[in-house]
Amino acid sequence: MVQPTTLGEFIVENQKDFPFATGDLSHLLTSIRLAAKVVNREINKAGLADILGAMGKDNVQGEAQQKLDVMANDTFMRALRSMGQCCGVASEEEEHYISFDDEIHQDAKYVVLMDPLDGSSNIDVNVSVGTIFSIYRRITPEGTPVTLEDFLQPGDAQVAAGYVVYGSSTMLVYTTGNGVNGFTLDPSIGVFCLSHPDMQIPKSGKIYSVNEGNYVHFPKGVKEYIKYCQQYDAASGRPYTSRYIGSLVSDFHRNLIKGGVYLYPTGTMAPNGKLRLLYECNPLAFIVEQAGGTATNGKQRILELEPSELHERVPFFIGSPEMVDMAHAFLRRYEEE
Ligand code: AHG
Ligand code: MN
Ligand code: MN
């Protein structure tokens with residue numbers, strides 16, 4: 001039997017793609033993959049243990065924090081802190097960034113930004129959830145405490161980004177800027193194995209993903225684009241199929257594989273959209289571009305945006321390039337209305 005490449009082997013083999021690589025990024029990815037396995041184990045038994053439901057308090061975004069949000073946050077935080085490559089973490093679940101100032105982090109050059117558990121409102125009903133992470137090289141000098149500046153970098157400066165989807169099988173998908181690769185967890189041996197090498201998003205697809213409950217609040221261009229998706233046109237395969245899980249990672253993962261477009265636009269209920277630039281949009285934008293797709297805020301590439309605060313939200317259009325282009329054409333046409 002041919003042995004599949006494991007994630008551990010793949011990380012080591014690909015270290016040579018980075019000139020002067022010291023192995024620090026490889027170690028960092030190793031901490032993330034270990035934490036992902038721990039979170040996977042806890043999520044798998046969520047219905048058995050007393051870990052479902054709300055913590056009884058809100059996070060910094062005013063959203064109900066789930067017990068598993070806290071567990072995932074603590075697990076990734078601990079894994080990153082236990083190794084010496086990361087000098088600070090910003091998390092969707094923490095109001096401020098966390099600086100790792102002890103001895104072992106003196107030479108650390110990377111910061112990590114993460115959404116430890118994405119789609120957490122779906123946990124109680126056993127629907128797929130995820131983790132999203134993004135890695136940058138620090139800007140401030142090594143050996144000094146990290147500052148906000150280290151975290152507020154444009155997405156184009158990412159060194160690596162990825163996500164884990166805890167689904168019918170658990171997968172870790174990541175990029176270091178040399179394409180996108182997906183690994184499926186073999187639960188019998190507890191190892192992520194390369195199952196989706198060199199992932200490419202189809203140029204176009206037949207799926208649109210948007211929370212249509214917000215329809216009346218959307219800008220005119222988005223409403224018209226949604227109508228276009230629903231209109232019959234045999235030549236372009238319309239009407240498209242509407243698919244929306246409400247877990248960004250899962251919605252994105254499906255569209256990455258099958259081709260499709262995901263929209264979370266502005267609306268009066270969410271004047272800047274809902275999704276967070278640093279923890280959700282930048283990492284997925286890096287991945288989609290590496291897979292041949294597009295991600296924008298409706299006007300500009302997500303990866304070019306200059307962040308102004310940790311928990312900043314932006315409108316998000318991501319997916320197959322021809323579909324995002326068409327959505328843009330509608331946005332431009334109705335810009336004035
Ligand atoms: P999180 O659970 O990390 O707060 O993220 C929730 C996000 C995202 O996963 C999902 O796509 C989106 O919220 C769904 O929002 P709506 O319920 O407004 O559609
Ligand atoms: Mn999220
Ligand atoms: Mn989250």
Side-chain angles (χ1 to χ4, degrees), residues 35-36 39 42-43 46 51-55 57-77 89-95 112-134 161-167 173 207-218 222 226 242-256 260-285 287-288 295 297 302 310-319:
V39 171
E42 296 304 307
I43 286 175
I51 47 177
L52 286 179
M55 283 293 281
K57 59 176 188 169
D58 288 352
N59 67 10
V60 57
Q61 342 252 339
E63 295 157 348
Q65 222 174 12
Q66 308 291 315
K67 289 179 194 164
L68 284 169
D69 277 327
V70 175
M71 179 279 298
N73 189 57
D74 292 352
T75 303
F76 278 95
M77 214 48 103
V89 179
S91 162
E92 186 194 271
E93 297 301 330
E94 306 273 356
E95 183 168 1
V112 175
L113 293 91
M114 64 175 177
D115 178 354
L117 209 55
D118 171 70
S120 54
S121 63
N122 288 315
I123 293 168
D124 289 0
V125 291
N126 209 347
V127 169
S128 301
V129 291
T131 294
I132 312 176
F133 63 90
S134 172
Y163 63 84
V164 185
V165 53
Y166 310 98
V173 174
I207 296 172
Y208 74 102
S209 308
V210 61
N211 183 344
E212 286 186 76
N214 295 328
Y215 185 87
V216 294
H217 306 291
F218 289 151
V222 173
I226 292 173
S242 167
R243 289 282 181 270
Y244 191 75
I245 297 168
S247 279
L248 173 64
V249 166
S250 311
D251 281 308
F252 174 77
H253 183 68
R254 180 200 53 241
N255 292 359
L256 174 63
V261 63
Y262 177 99
L263 328 172
Y264 209 113
T266 56
T268 50
M269 301 297 285
N272 298 315
K274 177 180 183 189
L275 299 172
R276 282 134 295 210
L277 174 59
L278 296 179
Y279 314 118
E280 292 166 322
C281 305
N282 270 337
L284 297 186
I287 292 168
V288 89
N297 64 356
I302 289 289
L310 278 181
H311 300 287
E312 182 173 351
R313 296 171 194 261
V314 288
F316 198 37
F317 298 77
I318 187 166

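Note that the structure is a prediction, hence the values are computed from the model and not measured. Heads up: numbering here begins at 1 and tracks the sequence. Note that ligands are numbered from 1 as they come in the structure, with each ligand's atoms numbered from 1 the same way.
- Not a single donor-acceptor pair under 3.5 Å links the side chain of Asn272 to the backbone N or O of Arg313.
- In this structure, Phe316 has no heavy atom closer than 4.0 Å to ligand 1.
- The name of the N, O or S atom in Glu280 nearest to the Mn ion (ligand 2) is OE2.
- Only the side chain of Arg276 comes within 4.0 Å of ligand 1, counting heavy atoms alone; its backbone N, CA, C and O stay farther away.
- Within the listing of ligand 1, atoms 16 (P), 17 (O), 18 (O), 19 (O) sit less than 4.0 angstrom from a heavy atom of Asn211.
- Close approach of ligand 1 to Ser120 is summarised as follows: ligand atoms under 4.0 Å from at least one heavy atom of the residue are 2 (O).
- Atoms of ligand 1 found under 4.0 Å from any heavy atom of Gly119, numbered from 1 in the order shown, are 1 (P), 2 (O), 3 (O), 5 (O), 9 (O).
- Atoms of ligand 1 found under 4.0 Å from any heavy atom of Gly246 (numbered from 1 in listed order, with element): 9 (O), 10 (C), 11 (O), 14 (C).
- In this pair, His311 and Tyr279 present their aromatic rings tilted. The plane angle is within the 30 to 60° band.
- The atoms of ligand 1 that sit less than 4.0 Å from any heavy atom of Leu248 are 8 (C), 9 (O), 10 (C), 11 (O).
- Outside the 6.0 Å centre-distance limit, the rings of Phe133 and Phe76 are not counted as a close aromatic pair.
- Asp118 has its closest N, O or S atom to the Mn ion (ligand 2) at the position named OD1.
- Metal site remark for the Mn ion (ligand 3): Asp69 contributes no N, O or S atom at a distance under 2.8 Å.
- The nearest N, O or S atom of Leu117 is closer to the Mn ion (ligand 3) than 2.8 Å.
- Contact between Tyr279 and ligand 1 is absent, with no heavy atom of the residue lying under 4.0 Å from the ligand.
- Annotation for ligand 1: atoms under 4.0 Å from non-hydrogen atoms of Glu280 are 3 (O), 5 (O).
- Checked against the Mn ion (ligand 3), the N, O or S atom of Asp115 at the shortest distance is OD1.
- Contact between Leu117 and ligand 1 is present, with at least one heavy atom of the residue lying under 4.0 Å from the ligand.
- Residue Glu92: an N/O/S atom is found under 2.8 Å from the Mn ion (ligand 3).
- Contact annotation for Phe252 and ligand 1: no heavy atom of the residue comes within less than 4.0 Å of the ligand.
- In this model, no donor atom of one side chain and acceptor atom of the other lie less than 3.5 Å apart for Ser209 and Asp251.
- Among Glu92, Glu93, Glu94, the one residue that satisfies the side chain to side chain donor-acceptor pair (under 3.5 Å) test with Asn73 is Glu94.
- Each of the atoms 3 (O) of ligand 1 lies under 4.0 Å from some heavy atom of Asp115.
- Near Ser247, with a cut-off below 4.0 Å to any heavy atom, the atoms of ligand 1 are 9 (O), 11 (O).
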